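In what follows, chains are A, B, ... by sequence order, proteins preceding strands, each numbered from 1. All figures in this text were calculated on a predicted structure; none of them were measured in a lab.
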2 protein chains.
Amino acid sequence: MDPHLLTTFVTVARHGSFSAAAAELGYTQSAISQQIAALESDLGLPLLRRRPVEPTPAGRRLLEHAGPLLLRLRAARADVLRAAAPARHLLRLAATPLALSAEVAGRLARARAAEPRLEVRLRTCRPGQAAALVAEGHADLGLTDGIVAPSDPLRLPPDTGPMTATGVAEQDLVVALPADHPLTGRTGVRLADLVDARWLDTPLCPLARLRDLAGEGFPAGLAYDGDDVHTVLNLVAAGHGLIVLPARALTPPVMPISVVPVPVTAPRLVHRVELLHATLPPGPAADVAAALTG
Amino acid sequence: MDPHLLTTFVTVARHGSFSAAAAELGYTQSAISQQIAALESDLGLPLLRRRPVEPTPAGRRLLEHAGPLLLRLRAARADVLRAAAPARHLLRLAATPLALSAEVAGRLARARAAEPRLEVRLRTCRPGQAAALVAEGHADLGLTDGIVAPSDPLRLPPDTGPMTATGVAEQDLVVALPADHPLTGRTGVRLADLVDARWLDTPLCPLARLRDLAGEGFPAGLAYDGDDVHTVLNLVAAGHGLIVLPARALTPPVMPISVVPVPVTAPRLVHRVELLHATLPPGPAADVAAALTG
DNA sequence: TCGTCTTACGAGAAGCGTAAGAATT
DNA sequence: AATTCTTACGCTTCTCGTAAGACGA
């Protein structure tokens with residue numbers, strides 16, 4: 001169960017090919033073949049069926065473990081290095097598009113004003129990624145968002161080691177409707193009234209999460225594998241499907257006039273933003289974290 | 001961050017000696033020295049100060065990660081092997097002394113009656129160990145106990161991979177008092193009334209947990225690093241200190257006449273038993289698990 | 001000076017690449 | 001027949017043990 005072999009195994013499984021994995025990892029096919037053989041002989045079990053290459057039941061089981069395990073290993077390494085690294089005047093912030101709202105951006109600006117020497121480097125990421133980026137030390141602070149019942153914490157991927165998550169903001173939800181939608185005039189809608197409408201499936205608001213919270217249904221009209229809010233709103237305006245967003249993401253000048261927000265009245269849900277960080281050494285990063293949560 | 005090196009590192013840190021770790025692991029001192037050097041050069045940090053051998057701050061940080069990480073690795077291995085192993089008619093049960101109450105033992109007996117070919121092998125363990133034993137595949141089923149607020153789940157060590165914990169039993173708590181104790185006649189006591197009494201510190205009921213639940217205080221009169229209930233009660237009878245136990249652990253014939261149980265009325269706490277198991281293949285083990293929780 | 005860790009060096013094992021062989025499609 | 005994985009073999013690298021050296025108590 002050498003992590004090296006585990007990495008090779010997940011890469012092979014992902015590609016469904018020894019040669020493709022070899023290319024990605026910078027080995028020859030032969031080396032990959034030997035590594036997989038070594039792992040299989042270590043466990044005493046076949047992990048992959050060949051031609052076509054696909055995991056056996058035992059292999060599938062191992063795949064479920066390997067990802068979190070390797071993540072935890074990288075996180076541990078990053079944590080040790082971080083604890084020993086000297087304080088820098090660079091803050092690397094990873095944020096999901098909907099987490100960095102105008103309000104949160106404002107708080108960040110105020111925190112920077114108190115810390116003029118601080119350089120901030122922002123990158124956007126998917127909701128599922130923020131925790132891993134922070135855990136692996138690629139970001140000092142993370143801002144994720146998600147939809148939950150009021151005051152509930154976000155459900156973060158486990159096994160990323162010691163990490164602090166603090167609520168930063170909560171706001172109500174709206175459904176973005178095209179201007180010509182029949183429900184446009186309403187002062188509020190229940191999600192249940194829209195189970196049969198067509199929806200956009202995007203990382204910004206995955207339909208799977210919506211179904212978790214509001215029951216089955218919510219068929220996907222269009223899947224958009226990107227996280228640009230502007231694009232999403234144009235898709236809504238064009239009638240490709242509906243989407244649930246935090247209320248203040250749908251105020252001018254962001255909102256095109258052909259999209260109308262209608263508050264979600266039931267179930268009682270909110271859009272929540274949380275700040276993620278590992279144990280921070282005293283310094284600018286910790287100050288900004290305090291300012292964002294304070 | 002090779003797990004092999006990590007194992008060596010934790011062993012050295014535990015012994016505070018390269019030579020002792022070498023003896024335990026079956027290497028020469030030289031090999032240990034080279035392994036530690038390799039780990040330090042991999043991370044680019046000194047992890048141990050020599051003579052005396054003790055972890056640096058970075059080393060201490062790594063130690064916090066290494067244990068759970070290695071446990072998770074062993075658990076993953078065990079889980080893959082377990083999933084591929086053929087069903088056996090052997091049930092290995094790991095139970096803490098207070099988890100296997102008369103009631104739970106009775107349920108186990110009934111489950112065995114329905115499954116006559118089933119061989120049961122029982123081992124007792126400490127509360128903190130049960131989860132690891134199950135995760136690493138050394139036991140099929142685990143029974144742990146602990147003190148919690150009513151209906152709260154036990155707090156299990158994290159990072160042991162996918163594991164199911166199901167409540168099996170809850171019962172009220174009593175304080176075991178020596179027969180000549182002034183509170184003996186009472187129908188109930190609050191723990192707060194006993195913060196200044198002397199207590200036994202044992203794995204059966206760690207004082208640290210009591211302080212978590214009922215505030216500071218609870219000085220240790222005697223620390224007993226064993227888990228024999230009979231011994232503990234003799235210690236109580238002799239006046240070495242008090243202890244909190246589940247009510248039915250203190251009924252005849254277990255209870256010596258020189259120990260008197262008095263119910264704990266506040267805070268509202270219970271003794272809870274939980275059954276632990278990994279994903280079980282259909283078979284005798286799963287049947288017994290169902291019988292114990294049902 | 002004694003115990004303990006580090007370093008030097010040689011032997012063995014492990015891992016990778018090249019190249020040829022086998023198995024599917 | 002073409003593609004893809006496996007195996008054989010040689011080379012390199014890694015790791016360990018022995019033994020000598022260095023460092024503290």
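The distance from atom CD1 of I32(B) to atom P of dT18(D) is 14 Å, rounded to the nearest whole Å. A straight line from CG of L25(B) to C1' of dG17(D) spans 16 Å, rounded to a whole angstrom. The OH-C1' distance, from Y27(B) to dT15(D), rounds to 9 Å in whole Å. Distance, D2(B) CG to dC14(D) C1': 12 Å, rounded to whole Å. Separating the CD atom of Q29(B) from the P atom of dG17(D) is a distance of 10 Å, rounded to the nearest angstrom.
Proximity of a side-chain donor or acceptor of E64(A) to a complementary backbone N or O of R61(A) within less than 3.5 Å is not detected.
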Apply salt bridge (charged side-chain N to carboxylate O under 4.0 Å, His left out) to residues R72(B) and D79(B) and explain how you reach the verdict. CA-CA 10 Å; R72(B) 190 114 178 46; D79(B) 186 61; over 6 Å; no
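With salt bridges taken as basic N to acidic carboxylate O contacts below 4.0 Å, none links R77(A) and E136(A). The pair R82(A)-D140(A) does not meet the salt-bridge criterion, since no charged nitrogen lies less than 4.0 angstrom from a carboxylate oxygen.
F218(B) is linked by a ring pair (Phe, Tyr, Trp, His ring centres under 6.0 Å) to W199(B), counting only residues two or more places apart in sequence or in another chain. Not a single salt bridge (charged side-chain N to carboxylate O under 4.0 Å, His left out) links R49(B) to another residue, sequence neighbours left out. In this structure, the ring pair (Phe, Tyr, Trp, His ring centres under 6.0 Å) partners of Y27(B), at least two apart in sequence or on a different chain, are H4(B).
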Where do N or O atoms of nucleotides 20-25 of chain D meet protein N or O atoms at under 3.5 Å, pair by pair?
unit_1	atom_1	unit_2	atom_2	d
dC23(D)	O2	R51(B)	NH1	3.3

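Along DNA chain C, read 5' to 3', the first and last nucleotides having any atom under 4.0 Å from a heavy atom of chain B are dG3(C) to dA8(C).
Within 6.0 Å of CZ on R14(B) lie more than 12 heavy atoms contributed by other residues, nucleotides or ligands.
For the helix from dT1(C)-dA25(D) to dT25(C)-dA1(D), the rotation axes defined at the first and last 5 base pairs enclose an angle of 30°, given to the nearest 10°.
As judged by a 4.0 angstrom heavy-atom cut-off over every strand, S19(A) is placed among residues touching the sugar-phosphate backbone only.
Applying the 4.0 Å criterion to OP1 and OP2 of dC5(D), one finds that Q34(A) has every side-chain N and O outside that range.
Closest-nucleotide positions on DNA chain C for L5(A) and S30(A) were compared, and the one nearer the 5' end corresponds to L5(A).
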